[in-house]
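Reminder, nothing fancy here: chain letters follow the sequence lines and each chain counts from 1. For the numbers below, each heavy atom of this structure counts, side chains included, while hydrogens, waters and symmetry mates do not.
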Amino acid sequence: MIDLSKLPAINERYRMFSEITSEASADAEFAFSAKDNLTAVGFRARAGSAILEGYEPVFDAACVEKMRSAGGFLVGKTNMDEFGFGSFSVNSAYGVPRNPYDAERSCGGSSGGAACAAAVMDGHVALGVSTGGSIACPASFCGVYGMAPTYGRVSKHGLIDYGNSMDKVGILSGDAKDLGRYLPVISGEDRRDPTSCNHPPLAKKFRKLKSVALVRSETSAGVDAAIRAAEEELRSMSVDVEAVSMDTLRYALPAYYVLASAEGSTNIARYCGLRYGRQDGDLSMKFDDYFTSMRSQYLGEETKRRVILGTFTRMSGFRDKYYAKALGVRNAIISEYKKIFERFDAVLTPTMPFISPRFDEISGMSALESYRADVLSVPPNLSGLPHVSMPCGYSEGMPVGMMLTADHWNDDMLLSAAEDWQDRFTAIPPEVSL
Amino acid sequence: MKIGLEVHVQLPTRSKMFCSCPTEGDAEPNTRICPVCMGFPGSKPSLNGEALKLGLKLAKMLECSIPDTTWFSRKIYFYPDLAKNFQITQQETPVGLGGVYMLGDKPIRITRIHLEEDPGKIKRTSDGSSLIDYNRSGIPLAEIVTEPDISSPAEARKFLASLLADIRHTIDLEPDSERSVRCDCNISVGKERCEVKNVTGLKNVERALTFEVVRQTKILRAGGKIERETRHFDEERKVTTSARKKEFEADYGYINEPDLGTYHIARMASEIENKETPMEMAVRFENDYGMTAKAARQIISTDIRLAGFFEDLAAATDTETAKCLVSGVVSSNWKGFEPTKGSLDDIISMVRRFKEGKITDVECNMRVRCIMTGDEDTCRICSEDLDKIVGRALDENPSVIADYAANEKAANRIIGAVMKETGGTYSSAEIVSAVRRLITERL
């Protein structure tokens, strides 16, 4: 029996859910949550956007369906940046989740609510979605484990698209074992999503991680210290750690923002106040004026920025310079990763260059500065590579995360690495008193 | 004058292009829809392989070159009937490129053929509002784009009629679905061209183009300049009106469709063997049977099955007899005739009897008409002939009548004799009933 009586009070304090179940307890094997961009019958699916207010999906996302049939009880939909557009979960129409280690700081994003729920609630499994780092970043900022599998490993049926060629459903939890327990549950081919794939299937016995290539990067001193300590710890676990440089990675961030915005802007096109969600505009207007008024009123500022950016990068005359070029850059980056994987099982970097920023710092950031925060988490996402963020230390009382990236379909190595790491690393859970 | 057409044909698949909704059936608006063809958040398209196959068949028919791999693109524009505000279409890798279509002796170059999804339909109501029916949303379309090789509105119509006959034959499209064929017509009388969008039906294409010829010619004669623009054809008033100036033409901002993969179609394409098109058949008839082009086209355009029957008859008898019969009595009775293998074989054996000199040409024609029409008068005449033969046989064997009264099997002697004499002209059932009827009359 799962006790849900404290859920409203927890959510009151941390704002990690955009909607919670109205039940006080549930007779189920385990509790889980789904990011608000995953559809679930019985819950609204708004993806953090005001324009989807009132949308009640008629079907379960494949991952939700599978978790439910494995005995899971869906406790709520977790808060997020609107359509996934953000790194701090501040771009939501439904409140801002607060970091359990310091309420004045961000949970990260865009799966901020999911990471917060994983950090605060014992035995909770949170389904998240990553396009450019939206699982790794909040996992790092909230001190939990977050796994984004190989692109295609988990069906996207029921996932409200951001950047379709990069969107991946993954898992966040305070317990590394949950990643290995539930990734097999949600994995597999699904004819409702032609990009889903099960070749090869997830190995039943997870292979051990034997070697990592460490890519050094510019980070805050606190993050750097935690990573150096983790490096030593990994060596003591008889993992070979060797520093390498990957020159193409610096092109990942611009390529990512071009591709994700280009795809994102086409996905956002359908939200025009006509068929679902908000439909309360003045229908006597001409249709294009109506669309403009609804979109102006109900899409958030960051969404508008990315729609404009994405539309620009695919306009005739600019398409080759931006969109087509970014496709080429993606291939170059994948090639560089493949070379590294000839010699190493995984690539190791910090997940984020700094600890979670305070909200007053975030409001002072330009769009470009906040995009730059994703510099380390974007490359594996752009490349469709599985990656896991794990807590590896603390700086100023805030968690620091490190990220392992493996070759396509080698998800199992990351799952075993996370479990082994959890045995060695002493996590300091946030103080949660209710 | 230069005319180029963009022809949209709905492909006859059972389910829609990217979901399993039926393409035909309930006409009630918005009953054949699902989250995919409504573009609901979280839904994903899955390609109907049959649509791809039909597209490849048409690409082959048009002698296009077919790429080894193909993928889809998103064409983004905002319109209420477009569920996702983007259309899944093919931009960079159409299923066919650079083909040709022979209109008689004249080659019309085909620029490309690509696949895309149909949007829904908007219905304007009398109070000025609009209703949207998404039943059509997601029905597969093939778009065939020609080079500006057509030189008059009449030729455009002729081209379309001929192309459509070939398309119908190639992909088994119902003959009555002409309304589902839509055309964008590009026409320039001078240097600048105009595009008349979304014209439905052959007659309207000719009308819209003719209107444009007159309009553009008038402007040029008056020393004016044609403006490059998109125009709309008003079916009621039979005029074209300006819809959008080209300088405001939408930039569709194409990107690759990331929800679908890359399709390796080389093998699928190589395995497709198209039936001979009606146009190809007409050319072969001219060559093989020494027909005039007009006669060949006449037979083929009447019904492809009539053309097939002609070939069977020519093989069973000879070319001249087949030509004579098919262009005569068979053609004139074809309408309303439901050809079955049995009825066609009956005609062939009748013509054989004529060739063997067993019946006259008049009788042959009459009997063929009888087979094809089942017309009572014709059949009565035919059956009177049978009665004469049976009557004669009874005259020669008068004892049968008395024997029959004792045992009905006695009729078999007459039946056997008549069968032997008529050699398959009549079915055994016809003979049996005639013999019994005549014996009963004489009892």
Side-chain angles (χ1 to χ4, degrees), chain A residues 37-39 45-47 49 52 55 57-61 155-161 163-167 190-197 259 262-263 265-272 274-277 283-284 287-288 290-292 295 310-319 323-324 327, chain B residues 18-20 30 33-49 71-89 91-92 120 122 124 127-132 134 137 244 248-263:
Chain A
N37 56 353
L38 296 165
T39 63
R46 299 175 293 188
S49 182
L52 275 174
Y55 174 52
V58 294
F59 58 96
D60 272 355
S155 166
K156 293 186 295 172
H157 171 71
L159 162 61
I160 299 177
D161 310 305
N164 321 46
S165 70
M166 291 169 276
D167 294 342
D190 179 358
R191 59 178 184 80
R192 297 167 300 185
D193 169 18
T195 65
S196 66
C197 182
L259 291 180
E263 292 178 9
S265 63
T266 68
N267 292 321
I268 301 309
R270 74 184 70 190
Y271 306 113
C272 58
L274 197 63
R275 286 163 285 261
Y276 37 75
L283 283 164
S284 70
F287 78 84
D288 40 5
Y290 176 79
F291 289 176
T292 303
R295 289 163 67 83
T311 305
F312 174 74
T313 60
R314 54 187 173 78
M315 273 165 63
S316 70
F318 298 96
R319 188 179 182 276
Y323 176 71
L327 289 174
Chain B
F18 298 113
C19 63
S20 54
N30 298 312
I33 55 172
C34 75
V36 175
C37 55
M38 286 297 286
F40 272 33
S43 65
K44 305 279 179 283
S46 315
L47 179 65
N48 179 346
W71 60 85
F72 289 84
S73 294
R74 290 182 172 182
K75 175 182 179 175
I76 298 91
Y77 64 95
F78 287 79
Y79 209 72
D81 64 8
L82 193 61
K84 303 181 288 296
N85 283 327
F86 64 77
Q87 180 189 33
I88 304 180
T89 179
Q91 165 71 354
E92 286 165 68
I122 295 186
R124 318 256 177 223
D127 66 356
S129 60
S130 301
L131 299 170
I132 315 171
Y134 291 98
S137 175
R244 189 174 65 210
F248 301 114
E249 191 180 23
D251 179 343
Y252 293 118
Y254 289 96
I255 62 163
N256 302 343
E257 170 54 69
D259 283 339
L260 298 165
T262 299
Y263 300 88

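Once rounded to the nearest 0.5 Å, the distance linking CZ of A:F287 with CZ of B:F78 reads 10.0 Å.
Contacts between A:Y290 and chain B at a heavy-atom distance below 4.5 Å are absent for every atom of the residue. For a residue to count as touching a neighbouring chain, one of its non-hydrogen atoms must lie under 4.5 Å from one of that chain's; by this rule A:N37 does not touch chain B. For A:L38, no part sits under 4.5 Å from any heavy atom of chain B, backbone or side chain. In this structure, no portion of A:F318 lies under 4.5 Å from any heavy atom of chain B. When heavy atoms are compared at a cutoff of 4.5 Å, B:Y134 approaches chain A solely by way of its side chain, counted from C-beta outward. Residue contact with chain B, scored on non-hydrogen atoms closer than 4.5 Å, is absent for A:T311. Only the side chain of A:L52 comes within contact range of chain B, with at least one heavy atom under 4.5 Å from a heavy atom of that chain. Heavy atoms of A:R192 lying under 4.5 Å from chain B belong exclusively to its backbone. In this structure, chain A has heavy atoms under 4.5 Å from both the backbone and the side chain of B:P80. Of the atoms belonging to A:I160, heavy atoms from both backbone and side chain fall under 4.5 Å from chain B. When heavy atoms are compared at a cutoff of 4.5 Å, A:R295 approaches chain B solely by way of its side chain, counted from C-beta outward. For chain A, the nearby part of B:I132 is the side chain; its heavy atoms alone come within less than 4.5 Å.
Taking both residues in full, the closest heavy atoms of B:N85 and A:A269 are given as ND2-O, 2.8 Å, listed atom of the first, atom of the second, then distance. The two residues A:R191 and B:S46 make their nearest non-hydrogen contact at O-OG, 3.0 Å. What you find for A:F59 and B:P35 is that their closest heavy atoms are CE2-CB, 3.7 Å.
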Practice problem: Kindly indicate, with the supporting measurements, whether the criterion side chain to side chain contact (heavy atoms under 4.5 Å, CB included) is fulfilled by A:R314 and B:I76. | Solution: CA-CA 10 Å; A:R314 54 187 173 78; B:I76 298 91; 3.5 Å; yes

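No side-chain donor-acceptor contact under 3.5 Å links A:R270 to the backbone of B:F86. In terms of modelled atom types and a separation under 3.5 Å, the side chain of A:S316 and the main chain of B:D251 share no donor-acceptor contact. Between the side chain of A:Y276 and the backbone N or O of B:G39, at least one donor-acceptor pair lies under 3.5 Å.
Side-chain atoms of B:L47 and A:P194, non-hydrogen and from C-beta on, never get closer than 4.5 Å to each other.
For the side chain to side chain contact (heavy atoms under 4.5 Å, CB included) with B:P258, the qualifying choice from A:D161, A:T266, A:N164 is A:N164, the only one to do so.
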